[in-house]
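Here's the structure, in structure tokens; my notes come after.
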Amino acid sequence: MSIQWYPGHMVKARKLIAEAIPGNDVLVEVVDSRIPRASRNPELIELGRNKPLLIVLSKSDLSDPELTAAWVHHFEQSAARRGARVQAVAVSSTQQRKEARKLVSEGCRRLAPVRGPSSVKPLRALILGIPNVGKSTLTNLLQGRQVAKTEDRPGVTRGEQKVVLDDGTVLSDVPGLMWPRIEAPSVGLSLALCGAIPDTAIDTEPVALFALEILLKRYPRRLQEAFKLASPPASPDEALDAVGRKRGCLKSGGVVDRHKASGHVLTAFRSGTLGRITLDVPPTEPEPLLLPEE
Ligand SMILES: Nc1nc2c(ncn2[C@@H]2O[C@H](COP(=O)(O)OP(=O)(O)OP(=O)(O)O)[C@@H](O)[C@H]2O)c(=O)[nH]1
Ligand SMILES: [Mg+2]
């Protein structure tokens with residue numbers, strides 16, 4: 001099944017971002033650390049091709065720490081092989097502001113050494129990425145107070161918001177940008193599962209089945225424990241029915257309400273109840289990821 005979500009405001013967002021890129025020294029691309037491959041927008045990669053890039057893996061409190069470290073390594077290795085000006089760091093909103101500030105500002109300084117505190121010109125960084133990955137949350141974390149509106153739904157930020165940090169860095173938070181055609185079904189499902197596409201734009205059952213398939217393969221005990229299932233389900237379908245029965249999602253005649261059961265699976269995944277999970281596994285070899293070239 002294919003999942004697409006490209007509402008009208010995305011066209012405006014794309015134009016705004018394309019116009020903002022040239023005026024910045026570094027692009028800070030926020031990707032969801034649970035899906036570092038699926039949450040990279042190919043259009044943003046293309047638009048930012050000639051700019052130094054700091055890849056920030058967000059929501060690292062929700063992803064598998066070992067795989068997050070492996071992704072950071074992978075991005076930097078792939079970039080080093082191609083002589084690309086790319087750095088990668090992982091952050092979380094649960095982190096201390098000082099620590100996040102240090103990671104991001106050191107990454108930016110390595111990418112644009114002629115800007116910033118030692119220069120008369122302040123560093124200008126544009127925070128971009130797909131919707132709901134935590135761009136505005138990162139802006140607030142770096143600023144140390146709530147300056148940008150955040151909410152747990154995609155499409156919250158609608159315009160550009162500039163913030164000046166106390167070291168003079170000018171940060172711009174912009175709307176999240178999706179791309180018009182998501183080719184791989186697994187990418188659409190991953191984006192929906194991680195909340196980058198609103199539940200109102202999708203059928204939640206295939207998304208829950210996708211999550212259950214991964215859980216059964218890679219984390220079967222966690223699934224059993226989180227939903228207190230007596231025995232390990234044999235298939236995603238069986239798992240969804242078992243979750244529905246456990247959570248009392250029954251229609252008349254005792255039939256499981258699979259839509260309601262799907263909601264429980266999605267909530268458990270997104271809230272971290274199922275533990276720290278990374279859906280995208282990094283390649284073992286550096287791959288020719290789309291990155292800017294020196
Ligand atoms: N657990 C966890 N949640 C986070 C983290 N960062 C952001 N969030 C949550 O993710 C949701 C989206 O955050 P936003 O900062 O609004 O995302 P955004 O990328 O600005 O979204 P748009 O403006 O819609 O493009 C909010 O509910 C945040 O609280 C994080 O590090 N950990
Ligand atoms: Mg935002």
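Worth knowing before you read on, the calculation uses all heavy atoms, side chains too, and leaves out hydrogens, waters and symmetry mates. Both counts, for ligands and for their atoms, begin at 1 and track the order of listing. All of these numbers come straight from a predicted model, not from anything done at the bench.
E225 has no carboxylate O lying under 4.0 Å from a charged side-chain N of R222, or vice versa, which leaves the two without a salt bridge. Using a cut-off of 4.0 Å between Lys/Arg side-chain N and Asp/Glu carboxylate O, E183 and R181 are scored as salt-bridged. Remark: R97 engages D166 in a salt bridge, criterion side-chain N to carboxylate O under 4.0 Å. Salt bridge status for D173 with K135: absent, with no side-chain N to carboxylate O gap under 4.0 Å.
Listed by first then second residue, pairs satisfying side chain to side chain donor-acceptor pair (under 3.5 Å) with a partner in residues 272-281 read S271-T273, not counting sequence neighbours.
No hydrogens or angles considered: a donor-acceptor pair under 3.5 Å links the side chains of D61 and S92.
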Check against side-chain hydrogen bond (donor to acceptor under 3.5 Å, both in side chains), E205 and S262: CA-CA 5 Å; E205 190 177 322; S262 298; 5.0 Å; no
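Protein contacts to the Mg ion (ligand 2) involving N, O or S atoms at a distance below 2.8 Å are S136 OG, T157 OG1.
The aromatic rings of W71 and F75 sit tilted relative to each other, their planes meeting at an angle between 30° and 60°.
Contact residues of ligand 1 (protein heavy atom closer than 4.0 angstrom to a ligand atom; sorted by chain and number): K59, D61, L62, S92, S93, P131, N132, V133, G134, K135, S136, T137, T150, E151, D152, R153, P154, G155, V156, T157, G176.
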Donor-acceptor pairs are to be reported for all side-chain atoms of residues 239-246 against protein atoms at under 3.5 Å, with residues two or more places apart or in another chain.
residue : atom : partner : partner atom : Å
D241    : OD1  : R258    : NH1          : 3.1
K246    : NZ   : K228    : O            : 3.2

